[in-house]
Structures are given as structure tokens and as C-alpha cells.
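Notes follow once the structure below has been shown.
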Amino acid sequence: MITNLILLVLLSNAAAKPFIRTTRNNIFAFQSKQAPTVTAPLSKNDFFTIIEDPKKRGATVLEAPVEQEGVKLYIAIDSASFQNKDRPGNGGIRLLSYQSKEHAIDDAVRLAKGMTRKHDMFRTGFSGAKVVIDHDHEDLSVVKRDTLMRDAAKALKALDGSMYTGCDLNTSDEDMDFLTKFTDDKYVLAGRNSRVDTNAATASSVIGSILGVLDVNNEIISELTFTVQGCGKVGSIVARELLRYGAKCVQTCDLFSENAEIPGCVPIDDWTKSTCDFFVPCANSLAITETVANNFPEGVKYCVGAANSPYANERARSVFDERGVLHVPESISSAGAILADSVEWYDIDLYQTVERSLMYGWIRDISRTKSSSLVRKADKKATNIGTVLRAVVPPRIGDPIGKEFPEWIKKNTVETDTVIVGGGVAGTAAAFALSEKGENSVIVERGSSIAPATASSNGDSRMYRRMYSSEFFSKMQSKALNRWKDVEEKSGETLLKENGLLFYGEDTGETVEGSVLGAKEIMDKLNLPYTFYASGDEIAARYPSLAGCKGKPYSGVCEDTAGHIRASKACEAMVKAAGQHCDVRVNSKITSLDVKEDKVTVITENGETIIGKKAVIAAGPWTNEVLSMAQLPQVKLSIWMVQWAHYEVDRKVAESIPQAFHFRKENDIDGGLYYVFPATATEAVTSTDSTKSYVKVGVDYPTNEALGDMKKFSYEGEQEVLDLMDGWVKEHLPAIGKRIDSYCSPYTMTDDSYFVMDTVRPNVAIFSGGSGRAFKFGPLLGDCMVSLLNNDDAPIDLAPFSLGREALKM
Ligand SMILES: Cc1cc2nc3c(=O)[nH]c(=O)nc-3n(C[C@H](O)[C@H](O)[C@H](O)COP(=O)(O)OP(=O)(O)OC[C@H]3O[C@@H](n4cnc5c(N)ncnc54)[C@H](O)[C@@H]3O)c2cc1C
């Protein structure tokens with residue numbers, strides 16, 4: 001029947017496609033079992049040898065001439081596409097050494113048929129095809145790539161638009177460049193001249209398919225463990241994406257163990273023995289043998305990955321099936337690259353200019369819909385999924401799916417007055433201030449929540465104080481406190497707790513946080529109330545928990561009206577207070593920023609486009625990364641790793657631990673500055689033991705070389721610094737118990753400790769360089785940014801924060 005199909009296609013296309021002359025002799029030859037190959041004469045010169053299909057494998061197989069010795073080139077193409085430019089074949093070129101010609105052809109046909117299933121599944125406009133280059137060299141490097149690609153190009157040209165190809169096993173971007181050149185930029189769909197990475201496209205379809213499964217089964221990703229088998233170009237992206245979507249645990253495994261070392265993932269040695277809910281095969285074909293399937297640890301519920309033909313045979317697959325493992329076929333889960341191809345073929349200009357996260361978002365969406373529709377129709381049996389597959393395959397006629405991409409982009413575009421990049425204190429304050437002017441905003445936040453754990457604004461508490469060595473910041477705090485009251489009122493949340501703040505320690509001179517005596521001077525000047533302690537003994541007498549002060553040449557100033565702000569809660573409250581004027585997108589890292597005079601466009605990694613008339617860039621330590629997306633000038637910032645932790649303490653003792661800042665001179669790697677928050681400021685940690693509570697202790701000096709960006713930032717921090725902190729606690733707060741956790745957060749510093757608050761374009765305001773002190777000014781910073789954007793009078797003098805100042809020059 002297949003042979004007949006081939007004949008039919010050959011006959012029906014013979015007149016239109018002159019390159020293969022289908023003479024009666026050839027027809028007889030096809031039907032003859034004795035003659036395995038037939039040379040199809042071309043009109044001018046012979047080109048392909050058509051390999052007859054005695055095994056009825058189900059695709060047309062051609063052999064093309066190759067110049068170099070020891071290399072054969074076979075093309076398997078869905079018979080419906082053969083010589084059909086309207087529905088061309090599409091599949092990559094792979095280069096392998098096969099046992100025999102038969103093996104090579106079998107592989108080509110198997111892969112072409114698999115490709116047909118994928119193309120059909122999504123109506124890409126293509127059928128399946130594959131180019132298999134069989135070489136008999138021990139060492140692949142002796143194959144001359146340029147001449148080989150020249151030969152492949154001749155074959156593609158001879159197929160005259162009925163076959164497109166791209167990279168596959170052992171072929172590279174460089175090969176594709178040759179091929180593109182030799183085909184005059186035709187017939188190669190390899191993502192060249194585009195930002196789209198075909199590996200990321202494939203990973204997007206895996207993730208989309210996983211999400212589809214979760215949707216239907218009401219599974220919560222944060223409760224699931226995944227095993228990603230194979231952490232190559234696709235698997236490594238899948239693993240990182242699973243983390244981004246909040247997977248409870250992502251186990252990674254690779255033949256080369258260093259590939260499995262992905263930050264946040266848990267490398268494992270043997271994927272066949274590790275318990276997981278979700279198995280994600282992204283390595284070689286045929287890896288799940290019957291034995292593996294039988295012995296796979298209990299608990300596995302789903303199998304969705306990028307590997308083609310993950311099961312060694314039908315039996316292996318039915319073992320998983322019998323164990324109730326739901327399997328989404330790879331014709332859905334690894335179709336990302338061909339979905340991208342569909343756009344590349346349909347609209348090359350769009351493909352070459354589009355921001356890649358839009359493409360990945362589209363692929364994720366399509367795969368998610370397809371996978372959930374498949375799973376809904378199936379019960380939890382893999383074989384049943386096989387049988388319902390047909391129900392989710394669209395008819396071949398109709399527009400190719402790539403044509404839907406522009407419409408999808410439009411549907412995923414949101415317009416607002418102001419786009420705010422970053423949902424820390426600066427971003428949320430801007431949203432709050434804008435809402436008070438009746439203006440709408442969308443906050444785009446890369447983390448999984450407002451003030452996420454990775455941001456500077458995250459945590460249970462930040463100090464507020466007017467006790468500064470600088471009159472400017474002291475006055476600024478007074479203004480900001482009034483605005484915090486507004487936030488509390490409008491959000492209905494209590495955010496500030498007045499628990500006093502003690503500055504104490506030795507005469508250090510001015511430090512990054514000021515000094516005891518400098519603060520006293522300004523308090524006197526501004527007539528602010530405080531209590532003064534002239535010696536370490538006086539301090540210890542007032543605060544018995546600070547027993548370490550005894551006998552020390554210390555002094556202390558306590559501002560009784562200072563206190564702490566509930567940090568993460570305050571950011572959430574500003575969004576709450578902004579009400580309907582503010583939309584928030586979390587898990588939405590922006591990947592592109594385009595600034596025009598009256599329009600700012602950001603694109604998120606989820607594939608959403610947000611357009612505002614104005615923008616606020618409040619990206620904290622990631623500021624320069626965001627600025628560079630729009631080729632805006634970089635700002636001189638340095639990033640410090642600062643560490644903090646909670647310590648257990650008896651509830652009774654806790655009552656005598658004040659909010660305090662300890663000034664000491666630097667000593668080697670010990671920066672000298674430590675602070676403690678009282679038990680009333682540590683709501684993030686609770687104890688079931690009613691006799692215990694917690695205090696927070698932190699260091700206020702860089703615990704590593706200051707960094708230029710976040711690439712090398714470690715949220716783990718340094719053990720040496722934890723040791724210093726533990727030592728400080730032991731010496732200065734001897735009544736405190738053990739440390740129960742530890743954190744490391746970024747400070748974004750400027751050389752002069754003033755913030756960066758200005759416009760980078762008339763319609764784009766920026767805030768950064770919070771320099772370990774910005775939180776307390778939160779809502780006032782929002783007012784300042786809005787005044788900058790709207791050209792209104794600012795509530796304070798903004799000159800000290802201007803971008804043009806000397807301290808910010810690179
Ligand atoms: C441990 C610690 C203690 C501190 N103590 C005090 C204190 O006691 N008192 C005080 O006043 N101040 C204090 N500070 C300083 C204050 O917390 C910070 O200055 C302030 O939180 C900075 O806020 P931000 O909004 O500028 O940055 P962040 O809070 O870091 O917010 C930036 C946000 O932008 C997001 N983002 C970045 N890039 C992208 C992107 N491409 N797409 C989408 N989103 C993106 C980030 O995820 C982040 O959430 C402290 C800081 C730390 C770290």
C-alpha cells in the first residue's frame with residue numbers, strides 16, 4: 001500500500017516536478033522485490049537514487065550523491081510531502097555511523113515518521129522528513145563538513161522546496177551556516193539569524209506539556225518532585241524552568257555529572273533508582289527498558305519529556321502503562337522546534353525579529369493546551385493516551401499553526417499607563433503613588449511574589465529612624481513617616497511598630513550607617529528626642545541582655561520613637577492600597593525593554609507584552625541588566641552580599657533585647673557593624689514552644705568582594721561570616737540561644753550612599769542604589785518617582801540622587 005502511495009505521488013507530481021522522471025521502467029522497478037534500489041533519472045542528469053521499500057517502512061527514501069569517500073546521504077520523507085511544495089517535508093540532518101545501510105535507512109524512516117506525527121499533531125504545514133548521513137569513519141572530525149553540506153544543499157535544491165531541514169544529532173550551527181550559504185538561504189530552518197534558540201523552543205514544549213498535565217490533574221507544582229534525565233541543551237533549560245515554576249524538587253542526572261550541577265537542582269547518580277512524581281526524559285532514545293520500567297521506584301505518576309522514543313520497546317511502555325504512569329507522547333511534548341519552524345517558514349521576517357520569549361511563551365501555551373486536551377480525553381493509561389491521540393490531531397487542511405502566532409502576540413499584550421519593572425519597595429511605592437493620582441500601572445516582577453526572597457526588600461523587618469548623621473536623611477524620614485501612615489490607612493494594615501532603636505558602640509567616626517556621636521549631633525540640631533548613655537556600663541544597666549557592653553568605652557543614643565517596618569508585608573500593602581489601579585505579574589522576568597518617546601514596551605519571559613506610556617525601572621541589584629536591554633547607559637553600582645539570621649531566645653530574655661545597632665571598628669574581615677531586631681520584629685519565624693521566641697541579627701558590611709552584578713551572587717553567603725556573627729552574639733548578647741537559619745541578601749550600593757532616583761528618559765524613571773537604607777523612605781520614594789515622570793514639584797530635593805553626579809560615573 002505504501003509503495004502504491006509512493007507511486008501515486010510520483011505519478012501525480014511527475015509533470016509538475018521535472019527532476020525525477022518516473023518512467024514506466026521505474027514504476028516496474030518500484031514494484032519489483034528483486035531490485036531493492038532504482039535510479040530515478042533526472043531530466044538533465046541523474047540525481048537521486050530512490051530506495052525501494054521492500055519492508056513497507058512508510059516513507060519515500062532517497063539516496064543523494066556525496067563527493068567524499070565513506071559517507072552516504074539518505075533522505076526519508078513522508079510520501080505525502082514528496083514533491084509537494086505546499087506541504088513540504090521537514091526534519092533535521094543527523095550524522096552517525098550506522099552498522100549498515102539498512103540501519104541507516106530504518107533510522108531515517110523511523111525518525112521521519114516520528115516527525116510526521118509531530119507535524120500532524122500541531123498542523124505545522126509540514127510533513128515528516130529526515131536527512132541521515134551515514135559515515136564509516138572512526139573519527140567524525142575527518143568528515144569534511146563544507147563539502148558534505150555542499151552535497152546536502154544540492155539534494156535540497158533538487159527537491160526544489162519540498163524539503164526543509166535543520167540541525168540534528170552531530171550537526172552544528174556551523175553546518176547550518178554552510179547549508180544556508182549553499183542553498184542561497186533556502187530550505188534551512190535552523191533558527192539562524194534569529195534570537196530563537198531551537199533547544200529552548202523544545203524545552204518550552206516540554207514545560208507546556210507538563211503544565212497541561214498539572215492543570216488537568218489539579219496537581220500543585222510546589223508539591224512535586226521531578227527527575228530530569230539528561231541535562232544537555234534541552235534538559236538543562238527544562239530543569240531551570242521547573243524551578244522557576246516553583247517545583248518542590250528538581251533532581252538532575254546526566255552521563256557527564258557536571259551537566260547535572262544546575263543551581264537549585266539536586267544532582268542524582270542514578271535516575272532509575274530515584275523516587276519522583278514526574279519523570280522527564282531528555283536524553284537518549286530507548287532509555288526506558290522493560291527492566292527500568294519494572295524497577296522504577298514507586299510513586300512515579302507522569303512521564304513527559306523531550307527524548308524521542310523514550311521507551312526501548314512496546315513492552316517497556318506497557319509496563320509504565322500498567323503501573324498507571326501517565327505519558328504524554330513526545331509528538332506533543334518535544335514539538336517546540338517544529339512549532340518555531342512553522343513560524344520561520346510562514347513569516348521569516350517575524351521569526352527573525354521577534355523577541356524570543358514571545359516564541360517560547362507561544363510554544364508553551366500551545367503545548368499546554370494540547371497536552372491538557374489529550375490528558376482530559378484519556379484515563380491514566382499510557383496506551384489509552386496513544387489511542388486518544390487521534391482525537392487531538394487537527395485535520396491537515398487549514399492554515400499552518402505558525403500563522404496564528406501574530407494573533408497570539410496581540411492577545412497577550414496588555415496596555416497600561418506605567419509599566420513598573422520590579423516589585424520591591426521602590427516598585428510597589430511607585431504603584432501606590434501613581435494610584436493616588438488615578439494612574440494605572442502594571443508591576444512586572446521576576447520573583448514568585450512581591451518582594452521575593454531574592455530581592456533586597458524581602459524579610460520580616462527593616463529599621464526606621466530619624467537618627468542619622470545626615471540632616472537630609474533625617475528630615476526625609478520625617479516626611480516618609482507621614483506617608484507610611486497613609487499606606488497603613490489605605491491598606492488597612494499595621495506596618496510600623498515603634499519599639500525604639502539604640503545606636504551604641506565605640507567612636508568609629510562616620511561609617512556607612514553613620515555613627516553614635518554623629519547621630520546625637522543631628523538629633524540635637526533638629527531637636528529630636530533621645531536618651532543618651534555615656535558608657536558601656538550604663539547601656540548594660542539599662543539593657544541587661546547587652547551584657548557584652550560592660551566595661552567597654554562605649555556610648556549610646558536611643559531614639560524611642562524609632563522602630564521597625566514589616567518589610568515584605570509593607571510592599572504587599574502598597575499594592576493592596578493601590579487597589580484596582582495596579583496589576584501585578586509575578587514570575588515575570590522581563591527579557592526585553594524598548595523605550596520610545598511616548599511608549600515603553602516590555603516583554604516577559606512568559607511571553608506577555610506590556611505597553612505603557614511611561615515606565616519605572618526599580619530593579620534593585622539587577623538595574624544595569626534591565627537598562628542594557630534598552631541600550632540605556634549603565635550606572636555605577638556595586639552589590640554587597642549581606643548576611644542575617646534568626647536566633648532562638650527565651651521569651652523572658654527576649655523582652656529585654658532592644659532594636660539596636662552596634663558600631664565597632666573594622667578588624668580584618670570583620671566589618672564591625674552588627675544589628676539586632678527584637679522578638680516583635682521576627683514574625684517570619686514562629687515556635688511551637690511557648691517559652692521561646694526569636695530575634696534577628698545581621699551584619700552591615702560586605703561579606704565578600706563587592707560585585708558588579710548578580711551573576712556571581714550567592715544566596716548561601718559565607719560560613720566565615722556566619723562564624724563571625726555567632727561569635728558576636730556570644731560576646732555581646734550572651735543570653736541568646738542557637739542560630740536557627742541564615743540568609744544572604746543583596747545591598748545595591750552607590751559610592752556616596754545616596755540613591756539613584758532620576759529619569760533615564762523623560763518618560764522613564766529609575767530607582768536603585770538603596771544602599772542598605774532605602775526601605776524606611778518607601779512611599780516617599782514613590783512620590784518622588786511620580787513627580788519625575790509627571791514633571792511635578794518633588795516633595796524633597798532630588799539633586800543628591802541625580803544620575804549626573806560624580807559618584808555614579810563609571
Ligand atoms: C538585609 C537587609 C537589611 C536592610 N535593612 C534596612 C533597614 O533596616 N532599613 C532600611 O531603610 N533599609 C534597609 N535595607 C535596604 C532596603 O531594604 C533596600 O534598599 C530596598 O529594599 C531596595 O529596594 P528596591 O525596590 O530598590 O530593590 P529590590 O527589593 O531588590 O527590588 C527589585 C525587584 O526587581 C525585580 N527585578 C529585577 N530584575 C527584573 C526583571 N528583569 N524583570 C522583572 N523584575 C525584575 C527583583 O526581583 C526585585 O524584586 C536593608 C536591605 C537588606 C538587604
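Just follow the structure's listing: the first ligand is 1, and inside any ligand the first atom is 1.
Considering only non-hydrogen atoms, atom 2 (C) of ligand 1 lies nearest to Y747 out of W644, F767, Y747. Selection from G772, G778, C744 by nearest heavy atom to atom 13 (C) of ligand 1 gives G772.
Judged by the shortest distance from any of its heavy atoms, P621 lies inside the 4.0 Å radius around the atoms of ligand 1. Within the 4.0 Å heavy-atom shell around ligand 1 one finds V444. Heavy-atom distances between P452 and ligand 1 reach below 4.0 Å in at least one pair.
Heavy atoms of V626 found under 4.0 angstrom from ligand 1 belong exclusively to the side chain. Under 4.0 Å from ligand 1, the heavy atoms of R773 that appear belong solely to its backbone. Residue contacts with ligand 1, taken as heavy atom pairs separated by less than 4.0 Å, involve F775 via backbone and side-chain atoms alike. Within the 4.0 Å heavy-atom criterion, the part of S588 lying near ligand 1 is the backbone and not the side chain. Of the heavy atoms in A426, both backbone and side-chain atoms come closer than 4.0 Å to ligand 1.
Between D197 and R356, no side-chain nitrogen of the basic residue sits less than 4.0 Å from a carboxylate oxygen of the acidic one, so the salt-bridge criterion is not met. Under 4.0 Å is where a charged nitrogen must lie from a carboxylate oxygen, and between E241 and R364 at least one such pair does. Remark: R664 does not engage E506 in a salt bridge, criterion side-chain N to carboxylate O under 4.0 Å. With salt bridges taken as basic N to acidic carboxylate O contacts below 4.0 Å, one links E559 and R466. Remark: K525 engages E471 in a salt bridge, criterion side-chain N to carboxylate O under 4.0 Å. Ion pair K479/D783 not flagged as a salt bridge, since none of the NZ, NE, NH1 or NH2 atoms sits closer than 4.0 Å to an Asp/Glu carboxylate oxygen. Between K614 and E439, at least one side-chain N (NZ, or NE/NH1/NH2) sits under 4.0 Å from a carboxylate O, which counts as a salt bridge. The pair E605-R244 meets the salt-bridge criterion, with a side-chain N (NZ, NE, NH1 or NH2) lying under 4.0 Å from an Asp/Glu carboxylate O. Ion pair R483/E436 flagged as a salt bridge, since at least one NZ, NE, NH1 or NH2 atom sits closer than 4.0 Å to an Asp/Glu carboxylate oxygen. Salt bridge present: D751 and K636 bring a charged side-chain N and a carboxylate O closer than 4.0 Å. Between D741 and R739, no side-chain nitrogen of the basic residue sits less than 4.0 Å from a carboxylate oxygen of the acidic one, so the salt-bridge criterion is not met.
Looking only at heavy atoms of the protein, atom 21 (O) of ligand 1 is closest to S457 OG, 2.7 Å. In this structure, the protein non-hydrogen atom closest to atom 18 (C) of ligand 1 is S456 CB, 4.0 Å. The nearest protein atom to atom 44 (N) of ligand 1, hydrogens excluded, is given as R446 N, 3.0 Å; this is a heavy-atom distance. Scanning all protein heavy atoms for the shortest distance to atom 50 (C) of ligand 1 gives R462 NE, 3.3 Å. Looking at atom 40 (C) of ligand 1, its nearest protein heavy atom turns out to be I590 N, 3.6 Å. In terms of protein heavy-atom proximity, atom 47 (O) of ligand 1 is closest to E445 OE2, 2.5 Å. Atom 8 (O) of ligand 1 has as its closest protein heavy atom M463 N, 2.7 Å. When only non-hydrogen protein atoms are considered, atom 32 (C) of ligand 1 lies nearest to A618 O, 3.3 Å.
Below 4.0 Å from some heavy atom of P746 lie the following atoms of ligand 1, by number and element: 53 (C). Listed by number with element, the atoms of ligand 1 under 4.0 Å from a non-hydrogen atom of A619 are 32 (C), 34 (O), 37 (C), 38 (N). Atoms of ligand 1 found under 4.0 Å from any heavy atom of A455, numbered from 1 in the order shown, are 28 (P), 29 (O), 30 (O), 48 (C), 49 (O). Close approach to S745 involves these atoms of ligand 1, each under 4.0 Å from a residue heavy atom: 53 (C). Taking every non-hydrogen atom of G770 and a distance limit under 4.0 Å, the qualifying atoms of ligand 1 come out as 19 (O). The ligand atoms of ligand 1 that sit less than 4.0 angstrom from a heavy atom of K589 are 41 (N), 42 (N), 43 (C).
No hydrogens or angles considered: nothing links the side chains of Y747 and Y701 as a donor-acceptor pair under 3.5 Å.
When only interatomic distances are considered, the shortest N/O to N/O separation between W622 and ligand 1 does not fall below 3.5 Å. The shortest N or O to N or O distance between V425 and ligand 1 is under 3.5 Å.
Note that CD of Q643 is 8.0 Å distant from OG of S714, once rounded to the nearest 0.5 Å.
Using modelled atom types, no side-chain atom of Q659 and backbone atom of M463 make a donor-acceptor pair closer than 3.5 Å. With N606 contributing its side chain and E608 its backbone, the two residues share no donor-acceptor pair below 3.5 Å.
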